[in-house]
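Beneath this line is the structure, given in structure tokens, with notes to follow.
Chain letters run A, B, ... following the sequence lines, proteins first and then strands; every chain starts at 1. All values reported here derive from a predicted model rather than from experimental measurement.
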Number of protein chains: 2
Amino acid sequence: MLDYLTMSEDLGELAGSYRNILRQAVYLLRSMDAEGELSTGHVSTLNMLAAGPLRVSAIARFAGIRVPSATEQVIKLEAAGLVERKPDSTDARAVLVELTGDGRKALDVANTRRTAEVAAALATLSTEERLAVRNAIPAIDKLNAALRT
Amino acid sequence: MLDYLTMSEDLGELAGSYRNILRQAVYLLRSMDAEGELSTGHVSTLNMLAAGPLRVSAIARFAGIRVPSATEQVIKLEAAGLVERKPDSTDARAVLVELTGDGRKALDVANTRRTAEVAAALATLSTEERLAVRNAIPAIDKLNAALRT
DNA sequence: AGCCTAATGTTAGACTACCTAACTATGAGC
DNA sequence: GCTCATAGTTAGGTAGTCTAACATTAGGCT
């Protein structure tokens, strides 16, 4: 009863549905941007740095962008006082990007608001629907990782 | 056993996971763009038109963008010969945007390749994981609709 | 030691896709 | 037939990405 999903036709249908969801995500993220707060891209970058300093190349890799684009983001965040660049003592070519206190504060504000917005939307779902979403998260993570390659 | 999900703490955790997925989607879509093929944005627009002609304002609404941005996209698609603008016989202010034969062909090519790419990623999941994704699709659609407001 | 290739970032220049504001033309109500 | 609302375009600006070219440092090989 379960293996009908292995038929290519149903895989295609599911793939189409998933493509729809991916497409929507772009707009949803944009709609979550608020005036005078961090943009989606900046939130992503700062969230990576929350666990500790990263090289510019690591930021680029995790964000799925090229190194020059990451450099530019870092320059903007630095100008806003949200991150600092420090030399890497183990490699004089590298630069370590680190959150400042202000950066951590701004990130907290943005994360809190954005997560609350998603939580409010989740609250409109039934318990079963929320459970379905929750149960799918690991599979979606795996699926996204497979798509990334 | 199910209602622990209604606790706000778990809602927040789920919301965070979902935010992660949304964020990844942007990169995934970009990674699906291929040389010499339609861009993600153009595919989205053309897909709307596949069901029939639409006004510029309708395109903007469905895509979650402003009317001038939709106009710009239509101009580009028209220059590429993928859509045609026609007068709306019921309203001389309006413009109906319609797929051309070339547009439909280009859309088919792009849709086929992109869907195959997602299907290939889905094929790397286990049957249970695919089922989990499939079961979550309606809830995710509802969730995204709630976020849109 | 000295060289050569690889890796890390930055700079320069260009492109796409979005935005707001201002405009034209048409529709619809009084 | 005036007035206000609606549909779309144009103009100008911004954010975020890209490639190409460059400087600097690391690391291996002779």
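Per the geometry, CD1 belonging to B:Ile59 stands 9 Å off P belonging to D:dG8, to the nearest Å. Going from atom CD1 of A:Ile75 over to atom C1' of D:dT14 covers 17 Å, rounded to whole Å. Rounded to whole Å, atom P of D:dG16 lies 18 Å from atom CG of B:Leu29. Taking atom CG of A:Leu96 as the reference point, atom P of C:dT8 lies 12 Å away to the nearest angstrom. What separates CG of B:Leu28 from C1' of D:dT17 is a distance of 17 Å, to the nearest Å. Atom P of nucleotide C:dA7 and atom CZ of A:Arg61 are separated by 12 Å, given to the nearest angstrom. Following rounding to the nearest Å, A:Leu54 (CG) and C:dG9 (P) show an atom-to-atom distance of 10 Å.
The environment of B:Arg23 atom CZ is dense: over 12 non-hydrogen atoms of other residues, nucleotides or ligands sit within 6.0 angstrom.
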Footprint string (nucleotides 25-30 of chain C, 5' to 3'): B base within contact, S backbone only, - free, heavy atoms under 4.0 Å: -BS---

Nucleotide-resolved protein contact map, nucleotides 12-22 of chain C, B/S/- at heavy-atom distance under 4.0 Å: ----SBBBBB-

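Side chain of A:Asn144 to backbone of B:Ala25: no donor-acceptor contact under 3.5 angstrom is found. Distance alone, capped at 3.5 Å, is enough to place a donor-acceptor pair between the B:Arg30 side chain and the A:Gly64 backbone. Side-chain atoms of A:Arg55 never come within 3.5 Å of backbone atoms of A:Ala94 as a donor-acceptor pair (strictly under, hydrogens ignored). Put simply, the side chain of B:Thr124 never gets that close to the backbone of B:Ala120: no donor and acceptor are under 3.5 Å apart. Proximity of a side-chain donor or acceptor of A:Thr45 to a complementary backbone N or O of A:Gly41 within less than 3.5 Å is detected. The closest donor-acceptor contact from the side chain of A:Arg134 to the backbone of B:Leu14 lies at 3.5 Å or more, if one exists at all.
By the 4.5 Å heavy-atom criterion applied to side chains, A:Glu98 and A:Leu49 are not counted as neighbours. Contact of the A:Arg85 side chain with the A:Val56 side chain is not registered, since no non-hydrogen atoms from C-beta on lie closer than 4.5 Å. Counting heavy atoms from C-beta on, the side chains of A:Leu99 and A:Leu82 never come closer than 4.5 Å.
Nucleic acid contact class of B:Ser57 (heavy atoms, under 4.0 Å, all strands): sugar-phosphate only.
Comparing A:Thr40 and B:Arg55 by the nucleotide of DNA chain D whose heavy atom lies nearest to each, the residue mapping closer to the 5' end is B:Arg55.
End-to-end axis angle of the helix from C:dA1-D:dT30 to C:dC30-D:dG1, using five pairs per end and rounding to 10°, comes to 20°.
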Derivation of the side chain to side chain contact (heavy atoms under 4.5 Å, CB included) call for B:Val118 and B:Met32: CA-CA 9 Å; B:Val118 177; B:Met32 276 195 259; 4.1 Å; yes

